[in-house]
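By convention in this document, chain letters (A, B, ...) are assigned in the order of the sequence lines, proteins followed by strands, and residues within each chain are numbered from 1. This one's a predicted model, so the numbers in the text were calculated from it and none came from an experiment. Because only heavy atoms are used, hydrogens play no part in the values below, and waters and symmetry mates are left out as well, while side chains stay in.
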Amino acid sequence: MPPKKRARVSKTSAKSGKIDDIERTSAAGRKRKAAAPVEKTGEGSQSAGSAIFTCWLMKSEPESRFENGIDVKFGIEDLKALPDQTGCWDGVRNYQARNFMRQMKEGQQAFFYHSNCKEPGIAGIMRIVKEAYVDHTQFDKKDVHYDASSKPDNPKWSMVDVQFQRMMKRFLPLSELKKYHLQHGANGGPLKDMALFTRARLSVQPLTAEEFDFILSLEDKEPL
DNA sequence: GCCAACGTTGGC
DNA sequence: GCCAACGTTGGC
């Protein structure tokens, strides 16, 4: 409830109104490139009967950028500065990302990823403190992520509340994660299928426990 | 600032 | 339901 902050994740204000929320599942049908096993879940309604995810990665921009005259900057320091170090992850306007947020459970952890900035990468860890509920910004004409096609009696977009947990012991740059991803693709390893690389534009993505743990282990290693 | 990748829209 | 055009994401 406390006014939280925004984390832009995707802007797009989708217009159109025919889709009903739930199913829009992601790749919207046509693209289907043989979906990786991993995401089968994310789409569709959440119950799609697939893997259950327990760890997440959420992207937000830590540097100022103006959209319709409004600064969409929201980095980990901004989250940390909020009352209770807690904020709502509003502004997600992509169905796959939304569906993943709807699967999140209180207490789960998510990496706070800094995107579209000088040094993209994982900055810290946060905890889901409130499960998905209606993203009020979709009805706010003044908001960057206002969505005229979404009606209060059938809201399209959801958000969760997140609380800052801690900074990474050292910032984990995208460039380093990518080296592991490539290496693991060649020789096998936990980051072989990481969504950050296989679904580059997804702003809210699931991680397997193996991916999450491997990334945590990097904190204690020398930068690659 | 560029631009590749890819999600979304809307005509047919 | 297909698919071309368009718009956005986000690394570089």
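You'll find the ring centres of Trp157(A) and Tyr95(A) inside the 6.0 Å limit.
The NE2 atom of His145(A) sits 12 Å away from the C1' atom of dT9(C) (whole-angstrom rounding). In this structure, the CG atom of Asn94(A) is 11 Å from the P atom of dT9(B), given to the nearest Å. Computed from coordinates, the Tyr95(A) OH to dT8(C) P distance equals 15 Å when rounded to whole Å. We find that CD of Gln205(A) is positioned 12 Å from C1' of dG10(C), with the value rounded to whole Å. The interatomic distance linking Asp147(A) (CG) with dT8(B) (P) rounds to 12 Å, in whole Å. When rounded to the nearest whole Å, the span between NZ of Lys179(A) and P of dC12(C) equals 11 Å. One can place NZ of Lys118(A) at 12 Å from P of dG1(B), the figure rounded to the nearest angstrom. Across the protein-nucleic acid pair, Ile122(A) atom CD1 and dG11(C) atom P stand 12 Å apart, rounded to whole Å.
Regarding contacts with the backbone of dG7(B), a side-chain N or O of Arg199(A) is found under 4.0 angstrom from either OP1 or OP2. The side chain of Lys178(A) places no N or O atom within less than 4.0 Å of a non-bridging phosphate oxygen (OP1 or OP2) of dG10(C). At least one side-chain nitrogen or oxygen of Tyr113(A) sits closer than 4.0 Å to the OP1 or OP2 atom of dG11(C). Note on Lys59(A): a side-chain N or O is less than 4.0 Å away from OP1 or OP2 of dG10(C).
Under 4.0 Å is where a charged nitrogen must lie from a carboxylate oxygen, and between Arg65(A) and Glu63(A) no such pair does.
In the hydrophobic clustering, where aliphatic and aromatic side chains (Ile, Leu, Val, Met, Phe, Trp, Tyr) are joined below 4.5 Å either directly or transitively, Leu182(A) stands alone. Cluster note: Phe66(A) groups with no other residue, as no ILVMFWY side-chain heavy atom lies under 4.5 Å from it.
Considering only the side chain of Arg201(A), dT8(C) comes nearest among dG7(B), dC12(C), dT8(C).
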